[in-house]
Amino acid sequence: MLDLRLLRSEPVQLARNLARRGYRLDLDRLTELDRRRKEQQIGVDTLRNERNTRSRAIGQAKAQGQDLAPLLAEVATLGARLAAGEQALAKLQAALDALLLDLPNLLHDSVPDGQDESANKEIRRHGEPRRFDFEAADHVAIGERLGGLDLAAAGRISGARFAVISGPLASLHRALAQFMLDLHVREHGYREAYVPLLVSRQTLTGTGQLPKFEQDLFKLARAEADSELFLIPTAEVPLTNLAGDRILEPPELPLKFVAHTACFRSEAGSYGKDTRGLIRQHQFDKVELVQVVRPAESYAALEELTGHAARVLELLDLPYRVVALCAGDIGFSSARTYDLEVWLPGQGKYREISSCSNCEAFQARRMQARWRNPESGKPEPVHTLNGSGVAVGRALVAVLENHQQADGTVIVPAVLRPYLGGIERLTPP
RNA sequence: GGAGAGGUGGCCGAGCGGUCGAAGGCGCUGGACUGGAAUUCCAGUAAUAUCCAAAAGGUAUUCGUGGGUUCGAAUCCCACCCUCUCCGCCA
């Protein structure tokens, strides 16, 4: 959520910034709504003040045994007028909230211009894509040759965009997740968290998935009551919301959480995209990093967090590049995002395996995540960051494809071997 | 699922329907005392919106959430949510 004060003080800059994303801000409507809400608020406050004053007078009169009738007559119409005013205010407030919750975050100045991913800016590369002296297979072929990747079975059980992984491949998948968790906990200073996978509408509103992107989520309806829960699309949602509705004391910051969870996305609107293999699934595992920091430190934290994710790829000996997302490609809640793209020999392309974002105060304002700024002594929004560290399914794909051998085996990266009983190589049966 | 108890400020804990944003205590902050500290004493100590150029201050809202009764609700009524205890079931 954007700061309304910014709208009042610098409306034009704000609209121009949003326009870089391709978002057309109806400034007149927003300004008018804000003005009317304020006006109505003042009106209602005045009426309430009158009611309170008169009620107090009635109380005193009663205590002194005076006749209440004339006093009661004076307030006869007050209730109705107040109720009408309150109703109008609620309506205006709801309209304003709806508009505000729909606005994406402001972009950081450093975000490159552009409409889609073709305009993303490469920041750096690490590692050389390996040269194969045989035809590199993609992960589906490798997985089936090794045994243990069964997309057909998943289709029978659940439908498209699910996978069954079994045997050593499943162990490798698990080893990847555990390696990442251990790395971030032991070397990068994150606190491991186990969190709910089902969350409320309010929680998803806090991080910005709702109200705008409901079609991307899986929702569970419960028959009794009108309660609803959503499957999380990323652990960013529960982890970031840990700071919601709190006023953190300075020594508590930064909060650094890591969690390994399943993630669920309906992938609405992605028909025909990445239909083969594990790249785009309704359910996938991810190790997620979240930081809650002092505003002045959030851009340093973004570099740090991105480095933590990159470290995973480096230790797995996977070539990757870092790209800064352009204005048109960056996510709704983010002010600046780096994607890590891993080299996939099976596709001959770099593909996203992590996305690291600084949301600045955008999510914090939505979820009331604050800290007490010692300089002002007042509660102010914190800055929140998140990044995959990294997507486990895609990491599995990358390991299989990058470390495949001519004989159909796959070399297990050294850092994973302790998690796999020391085996160095996956071998077809 | 059944039976019961309860949700009040950072925490504990009072609160006859009428200056209650809320006693008291703890914690925290500042001051006095001290060579320094402890003790003790004094004072201060919520958030949000809004008015004011800003500060000071004023006004409004907030006692789990939403609705209702009333001139007036932390206090009465209804619904829901959550926590705890016991029983049942279960990993």
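To find a chain, count down the sequence lines: A is the first, B the second, and so on, and within it residues start at 1.
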Centroid-centroid under 6.0 Å between A:Tyr299 and A:His108 rings: yes
Under 4.0 Å, counting only non-hydrogen atoms across every strand here, what does A:Arg8 touch: a base, just sugar-phosphate, or nothing? sugar-phosphate
So, A:Arg48 and A:Glu86, do they make that salt bridge, N to O below 4.0 Å? yes
If the C1' atom of B:A43 is compared with that of B:U85, how far apart are they to the nearest Å? 43 Å
Using atom C1' in both nucleotides, what's the gap between B:U69 and B:G4 to the nearest angstrom? 29 Å
Hey, can you pull the residues of residues 29-49 of chain A with a non-hydrogen atom under 4.0 angstrom from RNA chain B? A:Arg37, A:Lys38, A:Gln41, A:Ile42, A:Asp45, A:Arg48, A:Asn49
What about the rings of A:Phe332 and A:Phe362, do their centers lie closer together than 6.0 Å? yes
Which value, in whole Å, describes the distance between the C1' atoms of nucleotides B:G21 and B:U48? 13 Å
Does any part of the side chain of A:Ile232, heavy atoms only, come nearer than 4.5 Å to the side chain of A:Leu204, both counted from C-beta? no
Just wondering, more than 12 heavy atoms not from A:Glu117 lying within 6.0 Å of its CD? no
If a pair means Watson-Crick or G-U wobble with both distances below 3.5 Å, what does RNA chain B look like in dot-bracket form, with | marking bases paired to a different strand? ((((((((.[[[..)..(.....]]]((((((.......))))))((((((.....)))))).[[[[[..)....]]]]])))))))....
Are A:Asn52 and B:A60 close enough that a side-chain N or O sits under 4.0 Å from OP1 or OP2? yes
Note: A:Arg365-A:Glu360 ion pair, threshold 4.0 Å (strictly below): no
Salt bridge A:Glu39-A:Arg36, side-chain N to carboxylate O under 4.0 Å: no
Other residues, nucleotides and ligands only: do more than 12 of their heavy atoms fall within 6.0 Å of CZ on A:Arg191? no
Please tabulate, one pair per line, each protein N/O and nucleotide N/O from nucleotides 18-21 of chain B that are separated by under 3.5 Å, including the distance.
| residue | atom | partner | partner atom | Å |
| --- | --- | --- | --- | --- |
| B:G18 | O6 | A:Lys62 | NZ | 3.2 |
| B:G18 | N2 | A:Ser55 | O | 2.8 |

I need the residues from residues 78-99 of chain A with at least one non-hydrogen atom less than 4.0 Å from RNA chain B; give them sorted by number, or say none. none
Could you work out the separation of B:C12 and B:G7 based on their P atoms and round it to a whole Å? 12 Å
Separation between the P atoms of B:C89 and B:G15, rounded to whole Å: 40 Å
Expressed as a whole number of Å, how far does the P atom of B:C26 sit from that of B:U39? 11 Å
Mind checking A:Arg372 for me? I need base, sugar-phosphate or nothing, with any heavy atom below 4.0 Å counting as a touch. sugar-phosphate
When you check the side-chain N and O atoms of A:Gln363 and A:Glu236, is any donor under 3.5 Å from an acceptor? yes
Residues that A:His260 engages under ring-ring contact (aromatic ring centres under 6.0 Å, His included), provided they are two or more places apart: none
So does A:Glu380 pair up with A:Arg294, basic N to acidic O under 4.0 Å? no
Lys/Arg-Asp/Glu bridge criterion (N-O < 4.0 Å) met for A:Asp274, A:Arg351: yes
So, are A:Arg311 and A:Glu187 salt-bridged, with charged N and O less than 4.0 Å apart? yes
Would you say the side-chain atoms of A:Lys286 and A:Thr234 include a donor-acceptor pair closer than 3.5 Å? yes
Flag side-chain contact, heavy atom, 4.5 Å: A:Leu325 against A:Ser334: no
Nucleotides 53-57 of chain B: which of its N/O atoms have a protein N/O under 3.5 Å away?
none

Examine B:U50: is either OP1 or OP2 under 4.0 Å from a nitrogen or oxygen in the side chain of A:Arg5? Give yes or no. no
Under 4.5 Å between any side-chain heavy atoms of A:Val312 and A:Phe179, yes or no? yes
Separation between the C1' atoms of B:A46 and B:C11, rounded to whole Å: 13 Å
